[in-house]
Engineer: 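There's a structure below that I have some questions on.
Below, read A as the first sequence line, B as the second, and so on, with proteins coming before strands; counting in each chain starts at 1. Side-chain atoms are counted along with the backbone in the values below, which use heavy atoms only and exclude waters and symmetry mates.
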2 protein chains.
Amino acid sequence: MVTKGKISEEVKCPVTGILQLIGGKWKPIILYCLRSETRRFGEIAARIPSISRKVLTEQLRELEQDNLILRVQFNEIPPRVEYSLTAMGKSLSPVLHEMEKWGLENIMNKK
Amino acid sequence: MVTKGKISEEVKCPVTGILQLIGGKWKPIILYCLRSETRRFGEIAARIPSISRKVLTEQLRELEQDNLILRVQFNEIPPRVEYSLTAMGKSLSPVLHEMEKWGLENIMNKK
DNA sequence: AAAAGTGGTAACTAAATGGTAACTAAAGGC
DNA sequence: GCCTTTAGTTACCATTTAGTTACCACTTTT
């Protein structure tokens with residue numbers, strides 16, 4: 001299809017941009033889980049029981065690469081790893097907060 | 001870690017809830033595209049050029065089923081269909097707006 | 001000895017998502 | 001006759017993402 005001189009919205013779409021960072025099935029929940037606390041791997045897994053450890057690891061790695069979370073590894077036995085939000089991750093909190101609000105108003109008290 | 005009477009976050013997680021409605025790869029962009037205008041199928045497709053017509057159709061159907069958008073079909077030849085946000089769809093605008101804001105601040109003017 | 005505790009990895013399978021091509025309808029243009 | 005327009009549908013295949021199961025490394029506790 002030929003675009004007759006019309007500029008597509010997508011090219012400059014900020015929503016597309018954020019979705020590339022937090023668009024995964026689990027990423028918003030993981031960030032939401034870390035919104036106010038530093039948490040260990042096992043803690044996150046316990047709070048999101050239906051995610052597998054493999055997928056959780058993958059998603060955490062991607063979030064780390066995108067500079068939204070910080071991973072700190074302590075070389076102890078047994079091992080300990082702590083995850084927390086970076087400044088950039090914290091800057092997402094208005095977005096997560098609006099999602100939370102909407103969910104509370106439109107889903108939670110509807111059933 | 002033993003959950004000492006602690007309920008998992010997920011069970012009552014409002015973020016999980018909203019993600020079931022708008023968690024798809026394209027849904028936030030489609031809603032964002034309809035945020036202030038009623039649009040025809042072809043218009044939406046033109047504004048989101050990288051989505052195929054088939055997938056756009058599927059996503060629109062799902063949004064319609066979830067009562068976020070309204071589909072009005074005019075039985076003309078050639079066919080005409082108009083999409084717009086329902087009240088529930090409009091209620092998502094703070095979420096989309098925060099996503100847009102974050103995208104503008106953190107991605108668009110960063111390159 | 002063996003299990004518990006921690007944060008993973010590897011190999012494999014399943015599910016979700018995305019894509020193309022060909023087809024439909026009725027009227028108008030060449 | 002054939003092409004164009006519009007908003008799809010159908011069939012089929014490819015790709016991407018997610019899930020399952022088993023296993024490791026290392027120390028302390030049972």
Side-chain angles (χ1 to χ4, degrees), chain A residues 1-4 6 8 10 16 19-31 33-34 37-66 69-84, chain B residues 1-4 6 8 10 13 15-16 19-31 33-34 37-66 69-84:
Chain A
M1 188 216 195
V2 186
T3 52
K4 304 154 191 170
K6 231 174 193 172
S8 74
E10 185 180 34
T16 301
L19 287 178
Q20 275 158 20
L21 298 178
I22 62 160
K25 178 169 174 182
W26 300 105
K27 284 179 183 170
I29 301 166
I30 295 170
L31 293 168
C33 178
L34 292 172
E37 327 263 339
T38 290
R39 292 198 195 279
R40 299 180 59 175
F41 182 87
E43 271 182 286
I44 304 171
R47 278 165 185 276
I48 314 176
S50 57
I51 192 173
S52 71
R53 294 168 102 64
K54 188 201 98 179
V55 173
L56 178 54
T57 302
E58 285 170 357
Q59 302 295 301
L60 287 168
R61 291 277 188 282
E62 288 181 19
L63 289 168
E64 193 196 355
Q65 276 183 10
D66 290 333
I69 66 172
L70 186 69
R71 180 182 188 272
V72 181
Q73 180 178 337
F74 298 85
N75 288 316
E76 311 165 348
I77 298 292
R80 184 158 62 101
V81 179
E82 287 185 351
Y83 292 94
S84 56
Chain B
M1 188 214 189
V2 186
T3 52
K4 305 154 192 169
K6 235 177 192 172
S8 77
E10 187 180 32
C13 173
V15 174
T16 301
L19 287 178
Q20 274 157 21
L21 297 180
I22 63 158
K25 179 169 174 184
W26 300 105
K27 285 178 184 172
I29 301 165
I30 294 170
L31 294 169
C33 179
L34 292 172
E37 328 263 340
T38 291
R39 292 197 195 281
R40 299 180 60 177
F41 181 88
E43 272 183 286
I44 304 171
R47 279 166 186 276
I48 314 176
S50 57
I51 194 174
S52 72
R53 316 208 123 215
K54 189 199 97 175
V55 173
L56 179 55
T57 301
E58 286 168 358
Q59 302 295 304
L60 288 168
R61 290 278 188 281
E62 288 183 21
L63 289 168
E64 193 196 354
Q65 276 182 9
D66 291 333
I69 65 172
L70 185 70
R71 179 180 189 273
V72 180
Q73 181 178 337
F74 299 84
N75 287 315
E76 311 167 347
I77 296 292
R80 184 159 63 102
V81 179
E82 288 185 351
Y83 294 94
S84 55

Engineer: If you compare every side-chain N and O of A:R71 against the phosphate oxygens of C:dG8 (OP1, OP2), does one of them come in below 4.0 Å?
Structural biologist: yes
Engineer: Output the rounded distance in Å from CD1 (A:I69) to P (C:dG7).
Structural biologist: 14 Å
Engineer: Quick one: B:I30 CD1 to C:dG18 C1', roughly how many Å, whole number?
Structural biologist: 13 Å
Engineer: Under 4.0 Å from OP1 or OP2 of D:dT17: is there any side-chain N or O of A:Q59 that close?
Structural biologist: no
Engineer: By the 4.0 Å heavy-atom rule, please label A:Y83 as base, sugar-phosphate, or nothing.
Structural biologist: sugar-phosphate
Engineer: For A:P28 and A:G24, work out which heavy atoms get closest and say how close.
Structural biologist: CD-O, 3.5 Å
Engineer: Give the rounded distance in Å between these two atoms: CD of A:E64 and P of C:dG7.
Structural biologist: 15 Å
Engineer: When the distance from CD of B:Q73 to P of C:dA25 is rounded to whole Å, what number comes out?
Structural biologist: 15 Å
Engineer: So, does B:R61 get its side chain near the phosphate of D:dT9, meaning an N or O under 4.0 Å from OP1 or OP2?
Structural biologist: yes
Engineer: Taking the axis from the first five pairs and the axis from the last five, what angle separates them in the helix from C:dA1-D:dT30 to C:dC30-D:dG1, rounded to 10 degrees?
Structural biologist: 30°
Engineer: Side-chain contact test, heavy atoms from C-beta onward, threshold under 4.5 Å: evaluate it for A:L19 versus B:W26 and give yes or no.
Structural biologist: no
Engineer: Expressed in angstrom and rounded to an integer, what is the separation of A:I77 atom CD1 from D:dC26 atom C1'?
Structural biologist: 4 Å
Engineer: Ignoring hydrogens, what is the shortest heavy-atom contact between A:I30 and A:Q59? Give both atom names and the distance.
Structural biologist: CD1-CB, 3.6 Å
Engineer: Describe the nucleic acid contact of B:K54 in one word from base, sugar-phosphate, nothing, applying a heavy-atom distance below 4.0 Å.
Structural biologist: base
Engineer: Can you give me the closest heavy-atom contact between B:T38 and B:E43, atom names plus distance?
Structural biologist: O-OE1, 4.3 Å
Engineer: State which of D:dT6, D:dA18, C:dA26 makes the closest approach to the side chain of A:V55.
Structural biologist: D:dA18
Engineer: Hey, which of these two, A:R53 or A:K25, hits DNA chain C nearer its 5' end, going by closest nucleotide?
Structural biologist: A:R53
Engineer: Which atoms form the tightest heavy-atom contact between B:I69 and B:L34, and what is the distance?
Structural biologist: CG2-CD1, 3.9 Å
Engineer: Can you check the B:E62 CD to C:dA16 P distance for me, whole Å?
Structural biologist: 11 Å
Engineer: Take atom CD of A:E82 and atom C1' of C:dT6, then tell me their distance rounded to the nearest Å.
Structural biologist: 13 Å
Engineer: Do any N or O atoms from the side chain of B:R39 and from the backbone of B:C33 form a donor-acceptor pair under 3.5 angstrom?
Structural biologist: yes
Engineer: Atom CD of B:E58 and atom P of D:dA11: how far apart are they, to the nearest Å?
Structural biologist: 14 Å
Engineer: Check whether any side-chain nitrogen or oxygen of A:R40 sits under 4.0 Å from OP1 or OP2 of C:dG7, and answer yes or no.
Structural biologist: yes
Engineer: Can you find a side chain N or O atom of B:W26 that sits less than 4.0 Å from OP1 or OP2 on C:dG18?
Structural biologist: yes
Engineer: Evaluate the side-chain proximity of B:R71 to B:L60: yes if any heavy-atom separation is below 4.5 Å, no if none is.
Structural biologist: no
